[in-house]
Amino acid sequence: MQKVQDYFNKFLESKRVFWIFLVLVFVVVRMAVWFYPYDSDHWIFYYVGKAIANGQLLYVDAWDHKPPLIFEVNAFMHLVFGENLLLHRIFLTALTLLDIFLFYKLVHLFSKEFFRKNAEKITKIALLLYVFWRNLAQFASSGNNTENIGLIFLLLMFLTFFKFYKDKKLTSLFLSGVCLSVLFYLKPNFSLLSIPKLIEILLMSYKSIKKFIINYFVFGSAFLLQTAFWVIYFNSQNALKDFWVASFAFSSAYAKSAWGGNVSPQSIFIFIMLPLLVPLAIFTVNFLKDFKKIKTNMLYRFLLFALLSALFIGFGIGSFYPYYFLISMPIFVLIFAYGEDIFLKIAKPKNLIITLILLGGMAVSFAMSSKQLLNSFSGPVKGELSEYQQIANYVKANSDKNDKIVAYTYGAVLYRMAERDSGSRFISASVLLLDERDNYGFNLSQTFIDDLEKSKPKYWIISKDENSLYYQNKKIILYMLNNYTPEQEFENYTVWKNKDFCGN
């Protein structure tokens, strides 16, 4: 085993070999994200973003239950890259490279404090682990969601705060607060990762009321300004309630459904997470052995509260989708990095076992990620996409460009493939079902029907299986039966035609 340790040390000491290997890891692991199945949440965010770019009003003309910023990012992608998915994924990869660079800066800061003698080696180990875990498809998904964008601002929030802690300049604290405001309006629960900063600001300033007020005001001012902007903007458009429901209220109700087991099979996603969570638990125990440092070491204290916040975010929603944990990946990898002796003294039997558990978890997780790569080229996912293409071709051949359609399924890929807009602001049947079935009280199904009464969509696409999930929304199904008639059957879906168009 000593030879293994020697080879590993030489690998870390050789800059050229290490960086070549790191690039290879990035390319190999990222492949499943580059070729992520076409039918993904990417097109939901893009559909809404495109509507904004075309001058439509968010949450009134196009709706999804997220705060505004992820849609603004997608509006930017539409304006710059159009509907070209290849260009989208190149752009999203560039953003990933940025957050990898920012993580490198962050871990180097921690390594210099905790591992002065071996700082460079530990930095490289952490960077390698981050590049691996951060780019797995079960965590990165298609690359286009709030978690992927949020990583950049999380890392910037941490780095600018540490700069403030060092130089005491309020400009750095303000910039850290800007990052927090962006995180909140990407996804509100991301703001919980500011808890370590809030604690440190308190410890820095509690002895002076003036300093206390100034620090918290400077830190929170960007959030207050952005909140005021969105409130004033949506209020001026008579859409303040729409903004509130979509950005905050719906997600709160969604969490209740998730904990009730009405959203996703929780056990499956916990199983997918285990290859990460098992080694993380072991390294966390190692980290907590130094708990006494909480009183004397700011970085240790910061990392401890960051870890607690990260775990709360991941497990607090109740549905445990793996990509929910992506925003916490920098913190998890820092916990791995804290186990310096485990990596630099592998020859010890205990360290060897822990290292093998970590490597085993990485191997299993990579296999899971690779499944998404295979889904793009074979299997049921590929088969469904092929059927979607047949449906899209049929709709395009039998409708005009300005005709609306209803794709009563999850997601927005059929709108993209058919090159037709939705007849309603709601582009995914899942939000309608949750509101109706779980009694959220937002009356989205009626709003959906009201939208259709105005737009008169020509076609309605729905699963042939009447036992499928979305048939549970009886109110919408009754509307479909009263206003549409079956026209064309495919293997798993039926295209229904609006009765107003029959005879045309």
Side-chain angles (χ1 to χ4, degrees), residues 22 26 30 33 69-70 73 91-114 119 122-136 139-141 143-167 171-201 219 222-223 298-299 301-311 313-314 323-338:
L22 186 73
F26 176 80
R30 187 76 181 181
V33 177
L69 291 187
I70 186 61
V73 171
F91 171 69
L92 295 168
T93 300
L95 295 183
T96 299
L97 293 174
L98 174 58
D99 79 61
I100 289 172
F101 171 75
L102 293 172
F103 176 78
Y104 169 78
K105 302 290 287 185
L106 180 68
V107 75
H108 189 62
L109 186 153
F110 274 80
S111 296
K112 285 193 298 183
E113 169 67 22
F114 291 135
I122 295 301
T123 297
K124 287 181 176 179
I125 291 170
L127 187 60
L128 186 58
L129 290 173
Y130 182 73
V131 167
F132 176 84
W133 288 105
R134 183 259 175 276
N135 286 290
L136 293 171
F139 298 114
S141 186
N144 182 20
N145 58 25
T146 54
E147 284 76 13
N148 281 274
I149 307 302
L151 277 174
I152 294 171
F153 294 94
L154 173 70
L155 292 163
L156 283 172
M157 182 176 73
F158 286 170
L159 289 168
T160 49
F161 175 74
F162 291 137
K163 191 174 188 308
F164 163 72
Y165 191 88
K166 181 179 179 180
D167 62 25
T171 303
S172 299
L173 184 59
F174 175 75
L175 291 174
S176 189
V178 170
C179 294
L180 169 63
S181 73
V182 172
L183 285 170
F184 184 88
Y185 281 100
L186 280 168
K187 202 170 189 179
N189 61 357
F190 290 171
S191 60
L192 292 173
L193 292 170
S194 69
I195 288 175
K197 295 194 314 174
L198 296 174
I199 292 172
E200 293 307 318
I201 294 173
F219 179 60
F223 168 74
M298 186 278 281
L299 284 180
R301 185 168 57 242
F302 190 97
L303 185 53
L304 173 62
F305 285 107
L307 175 63
L308 294 175
S309 302
L311 292 174
I313 287 175
Y323 63 82
Y324 288 164
F325 291 81
L326 179 66
I327 193 69
S328 304
M329 203 60 74
I331 298 162
F332 294 162
V333 174
L334 287 174
I335 294 297
F336 285 131
Y338 193 84

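- For the pair Glu147/Lys187, a side-chain contact is recorded, criterion being any heavy-atom separation below 4.5 Å from C-beta on.
- Contact of the Ile100 side chain with the Asn135 side chain is registered, since non-hydrogen atoms from C-beta on lie closer than 4.5 Å.
- Phe91 has its side chain within reach of Leu95: a pair of non-hydrogen atoms, C-beta onward, lies under 4.5 Å apart.
- With rounding to the nearest 0.5 angstrom, the CG atom of Leu106 is 9.0 Å from the OG atom of Ser111.
- Aromatic ring pairs are classed by plane angle as parallel below 30°, tilted from 30° to 60° and perpendicular above 60°; the pair Phe103 and Tyr130 is parallel.
- When all heavy atoms of Arg134 and Asn148 are compared, the closest pair comes out as NH2-OD1, 3.1 Å.
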Evaluate side chain to side chain contact (heavy atoms under 4.5 Å, CB included) for Leu311 paired with Leu307, printing each intermediate quantity in order.
CA-CA 6 Å; Leu311 292 174; Leu307 175 63; 4.2 Å; yes
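- The closest side-chain heavy-atom distance from Leu198 to Phe305 is not below 4.5 Å.
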Passes side chain to side chain contact (heavy atoms under 4.5 Å, CB included), Phe174 versus Val178? Steps please.
CA-CA 6 Å; Phe174 175 75; Val178 170; 3.7 Å; yes
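- Residues Tyr324 and Asn189 fail the side-chain proximity criterion, which asks for heavy atoms closer than 4.5 Å.
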For Leu69 and Ile149, what are the C-alpha separation, side-chain angles and deciding distance, and is it a side chain to side chain contact (heavy atoms under 4.5 Å, CB included)?
CA-CA 10 Å; Leu69 291 187; Ile149 307 302; over 6 Å; no
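- In terms of heavy-atom proximity, Ala126 sits nearest to Ala337 at CB-CB, 3.9 Å.
- The nearest pair of heavy atoms linking Thr146 to Phe190 is O-CE1, 3.5 Å.
- Side-chain contact check for Phe132 versus Leu128: every heavy-atom pair is 4.5 Å or farther apart.
- Here the straight-line distance linking atom CG of Leu154 with atom OG of Ser194 works out to 10.0 Å at 0.5 Å rounding.
- By the 30° and 60° cut-offs, the orientation of the rings of Phe161 relative to Phe302 is parallel.
- The shortest non-hydrogen separation linking Ala140 to Asn145 is O-ND2, 4.2 Å.
- Leu109 contributes atom CG, which lies 9.5 Å from atom CZ of Phe114 (distance to the nearest 0.5 angstrom).
- At distances below 3.5 Å, not a single donor-acceptor pair connects side-chain atoms of Asp99 with backbone N or O atoms of Leu102.
- Between the CD1 atom of Ile152 and the CG atom of Leu98 there is a distance of 4.5 Å, given to the nearest 0.5 Å.
- We find the CG-CZ distance between Leu155 and Phe158 to be 7.5 Å, quoted to the nearest 0.5 Å.
- In this structure, Leu22 and Val131 have side chains that are in contact, with non-hydrogen atoms separated by less than 4.5 Å.
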Does Phe336 form a side chain to side chain contact (heavy atoms under 4.5 Å, CB included) with Trp133? I'd like the steps, not just the answer.
CA-CA 12 Å; Phe336 285 131; Trp133 288 105; 4.3 Å; yes
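- Closest approach of Ile327 to Pro330, counting heavy atoms only: O-CD, 3.6 Å.
- Side-chain contact between Val182 and Leu156 is absent, with no heavy atoms from C-beta onward closer than 4.5 Å.
- Taking the six-membered ring for Trp and thresholds of 30 and 60 degrees, Tyr104 and His108 have nearly parallel ring planes, at less than 30 degrees apart.
- Residues Gly143 and Val33 share a closest heavy-atom pair of N-CG1, 4.0 Å.
- Once rounded to the nearest 0.5 Å, the distance linking CG of Leu299 with CD of Glu113 reads 5.0 Å.
- Checked against the 6.0 Å centroid criterion, the rings of Phe110 and Phe162 qualify as a close aromatic pair.
- Between Phe325 and Phe332, the ring-plane angle classifies as tilted under the 30° and 60° cut-offs.
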